[in-house]
Amino acid sequence: MAEAADFQGTSPSPARRWLRRTGALFAGAPLLAGLLQLPAAAPTHAAEQDSLKAASGSGTVSVAVDSLTPTVPGEGDTLTVSGTVTNQGKQAVTDAQVDLLLGPALNTRSEIDTVAERAGYQAGLDGAPVGGKYVKEFSKLTPGVAQRFSISVPVDKLDLGGDGVYQFSVSLSGETSAQPWDHVLGIERTFLPWQPDGADTKTRTTVLWPLVSTAHMTAQTGSNESQTPVFSDDELAEELSAGGRLQQLVSLGKQLDVTWVIDPDLLASVDAMTESYRVEGEGDTTTAGAHREVARQWLAEMQKAVQGKEVVALPFADPDVASLAHNGTNVTGSLSHLKEATDVAADTVESILHVEPTTDFAWPVNGAVDPSIVKVATSAGADKVIARSDSLVETGGLPYTPSAARPIGGGTTAVVADARMSTAFQGNLTRASSSTLAVQRFLAQSLALNLQTDKQRSIVVTPQRMPTASQARAMAEAVTALQGSTWSESQELTAAATAKPDSGATTKVPAASQYSSSLRKQELPRAAFEQIATTKDKLDNFKVILSRESRVVTPFGRAMNREMSTSWRGRSGEAADYRNGIEAYIDSLAGQVTLIEKSETKLSGRSATIPVTVQNNLVQGVEHLVLRLTSKSPRRLEIGGDTFYEQRVTVSGGHSQTVKFPTSAQANGQATVVAQLFTEDGQPYGSPVTFEVKVTEFTATVMLVIGGGFLLLVLAGFRMYTQRKRAAAREAEQDSAQEASETDGDPENPEGAEDRLTPEDLLKEESVTGTRADAPGQPSDPTPDTPAENADPSGTGERVDR
């Protein structure tokens, strides 16, 4: 029948020759079986069977399809297949030939999966060779040496039938010294989507283009006014540089009709790099960042790429909502971090990219959901959850893949991405062959989905969060081909989420018990959320004393968002180091405001003051602090008339302040005193300072000594007073005697000389006696109480009365 189908006068087609060759093999099988019954032939037959199995079943020759163009052929196109064949055996392969095999059309999406997973050549399943001149021959394949091939064949020579996905393979056949007959030694399978005419109904396809990275910025900032940021490493610069992962995503994505899904933390980090920044070094050292220009170029290209495109902003730092739902909801304050991350997302993206993003989508890891994840994901304001079809599995028996949108209750919509297409670009795609196979399989799944029904559907594709550069290139190639195909058209994510859902699609969220165990093992543990809560408490206790708390609250708030990032999955050790670094830094800052240690203090007397010094080594001032001094022995020593005494404290940046406390002693001995800083709301701040005060009160013996000394001073003064009085009396007597002798010797005034005194003489007399001798009613004292003042200058150290 095969021959009858050939035209007269023409040679049989390659497919027919392949069928005749296979038929001859089957026809000779009984004779070969009879011959093998001979005893002497049995060992040889067994060896040949083992050798055949090793040759054709284990892939003696590796076949790699490095390129297949066009990826979606049309009528009149020429299909070119290029790649390499490598002899991985120990024997040379002779009379080798590369063939193109075209298999039957695959009717379902699961058949595509089956073909992709099949290993080894299987006659009857892998189709017939195209043959003719569309082969590549090698006289010899040396072990370990790769040989390149390239075969071009007009599409109309493939005898493709109706629209569909065709299995397309490249095989190598040849002989070895151990197996001297022609047989298949290696094969590589791929797919050929075929729909030359436009589809009656096109699938509306949404492709998410994620821009997400790991956490790079710390909570530390410089002391300058611009608060120079500090990065934990400079690895982000590598991703932004030419050929880097993020550079490739932007360069490729700007040419595609995709929905950008962006972590605002990435934008904030790159924006910080455009100015001065520093990178942590060994110990406590930092070095100046040197990639400002790289950051500026990437950001400029990014701003152009998103113009006119839909942009979805994830919560800041892309928090792990699954970890939060499973391990963090019972830790106080954890959900508030998700709300804060959502609130700052829109402003961050808009201020840097100058586009208004959408913020009402939540994207759990791998689109895996359960009721708790949905509850947490929507708690911060999102009303749409991006799930995946391998989590929200169809149970309604639909014969086709339904649209992405599913109402799941409570006003929430689950946008269910197609798992087959979303996972097509995972794994190592650095080899061209791996990338080519991923692209063809993606396109095959898309066409097979479209051929399921004439019903209009909206399909969403969500690749991995952080694709590598090679994965990004493969994705871009596939999306470019898809957007140029005849069965698909682009659609934004918001439109897909609001499309009319299929009535028979599953809307029940799977139970928590169905959540992937492998994903659970990667989640942040409860201890991580407890540590974040501890850091938050320390920040709250610290910020209330600051005069400019925004300098600390903002960088620490964003750092705590990063502590919850999805990017920590599979990196538990690094995640712990990051959390420890943030907590240690807040401790070091809080420790810059402290009390100076005091040694033992001696207190003499019933009352005195005790000084306590507050040191502020921060660059900004502190206020709203209260310093309390407490006596542990109030019966011996009181502070401010009570057990303790408080005073408000305000200290400028880089300065200290000494506060004096009044004390009163009640008894002699040792008294323990504690100095402690408090915030205004009564929370202790920092460590207390404890010191001893030795009280030495005034005693009766001390008073007697002081009293005796005072009495001696009085007696000495009285003695000096009497001596002066006596000297003055003697001087007065001498003056009187002189006057008397002068009177006796004056013949003109025998009565006395007083009547002849001039006014100057009277004044002189008054200066000596203090009053006139003849003043009525004031007779002169016979002995004056105080001596007359000496008109001469006083000697050194002598007291002079004025």
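Between the side chain of W363 and the backbone N or O of V385 there is no donor-acceptor pair closer than 3.5 Å. A donor-acceptor pair is defined here as one N or O able to donate and one able to accept, closer than 3.5 Å; such a pair exists between the side chain of Q471 and the backbone of G427. Under the 3.5 Å distance criterion, the side-chain polar atoms of T259 are left unmatched by any main-chain donor or acceptor of E310.
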Criterion side-chain contact (heavy atoms from CB on, under 4.5 Å) on N541 and D537, from CA distance to verdict: CA-CA 6 Å; N541 198 32; D537 291 341; over 6 Å; no
Criterion side-chain hydrogen bond (donor to acceptor under 3.5 Å, both in side chains) on Q491 and T205, from CA distance to verdict: CA-CA 6 Å; Q491 185 178 45; T205 307; over 6 Å; no
Criterion salt bridge (charged side-chain N to carboxylate O under 4.0 Å, His left out) on D265 and R558, from CA distance to verdict: CA-CA 8 Å; D265 179 37; R558 302 293 75 80; over 6 Å; no
Worked check of salt bridge (charged side-chain N to carboxylate O under 4.0 Å, His left out) between E394 and R406: CA-CA 11 Å; E394 290 303 316; R406 318 283 175 83; 2.5 Å; yes
S572 vs Q522, side-chain contact (heavy atoms from CB on, under 4.5 Å): CA-CA, chis, key distance, verdict: CA-CA 8 Å; S572 58; Q522 296 180 346; over 6 Å; no
V552/K543 under side-chain contact (heavy atoms from CB on, under 4.5 Å): CA gap, chis, key distance, verdict: CA-CA 7 Å; V552 172; K543 71 180 183 181; 5.7 Å; no
T329 vs V376, side-chain contact (heavy atoms from CB on, under 4.5 Å): CA-CA, chis, key distance, verdict: CA-CA 8 Å; T329 52; V376 168; 3.7 Å; yes
Steps toward salt bridge (charged side-chain N to carboxylate O under 4.0 Å, His left out) verdict (K455, D502): CA-CA 10 Å; K455 184 180 178 66; D502 286 272; 3.8 Å; yes
Full working for salt bridge (charged side-chain N to carboxylate O under 4.0 Å, His left out) between R388 and D418: CA-CA 6 Å; R388 210 167 69 184; D418 185 76; over 6 Å; no
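Between F425 and F442, the two ring planes are tilted [angle within 30° to 60°]. Relative orientation of the H326 and Y515 rings is perpendicular, given thresholds of 30° and 60° on the angle between their planes.
Taking CG from L314 and OG1 from T342, the interatomic distance works out to 9.5 Å, rounded to the nearest 0.5 Å. Taking OG from S213 and CD from E235, the interatomic distance works out to 9.0 Å, rounded to the nearest 0.5 Å. Note: S567 OG to Y578 OH = 9.5 Å, rounded to the nearest 0.5 Å. Rounding to the nearest 0.5 Å places OG of S391 at 7.5 Å from CD1 of I373. Once rounded to the nearest 0.5 Å, the distance linking CE of M421 with OG1 of T401 reads 10.0 Å. Taking OG of S351 as the start and CG of L267 as the end, the distance is 8.5 Å to the nearest 0.5 Å.
Under the 6.0 Å distance and 45° angle rule, R441 does not count as a cation-pi partner of F191. Remark: R579 fails to qualify as a cation-pi partner of W568 under the 6.0 Å distance and 45° angle criteria applied to the six-membered ring.
In D284, the CG atom is not crowded: 12 or fewer heavy atoms of neighbouring residues, nucleotides or ligands sit closer than 6.0 Å. Heavy-atom neighbours of R431 CZ from other residues, nucleotides or ligands within 6.0 Å: at or below the threshold of 12. For K375, the NZ atom is loosely surrounded, since the number of other residues' heavy atoms within 6.0 Å does not exceed 12. Atom CD of E356 has 12 or fewer heavy atoms from other residues, nucleotides or ligands within 6.0 Å.
Proximity of R420 to D113: side-chain heavy atoms (C-beta onward) are separated by under 4.5 Å at one or more points. Using a 4.5 Å heavy-atom threshold, the side chains of R457 and R204 count as separate. The shortest distance between side-chain heavy atoms of V212 and L266 does not fall below 4.5 Å. Counting heavy atoms from C-beta on, the side chains of R526 and E530 come closer than 4.5 Å. Between Y277 and D234 there is a side-chain heavy-atom pair separated by less than 4.5 Å. Two residues are said to be in side-chain contact when any heavy atoms from C-beta on lie closer than 4.5 Å; T535 and I532 fail this criterion. For the pair M564/D320, no side-chain contact is recorded, criterion being any heavy-atom separation below 4.5 Å from C-beta on. Counting heavy atoms from C-beta on, the side chains of P463 and P210 come closer than 4.5 Å.
Between S565 and D318, the side chains place no donor N or O within less than 3.5 Å of an acceptor N or O (distance only, hydrogens not considered). For the residue pair T506 / T395, a side-chain donor-acceptor distance below 3.5 Å is found, with atom types taken as modelled.
Annotation: F542 is not in aromatic contact with F556 [ring centroid separation under 6.0 Å not met].
Residue N561 comes nearest to H337 through the heavy atom pair ND2-O, 3.3 Å, listed as atom of the first residue, atom of the second, then distance.
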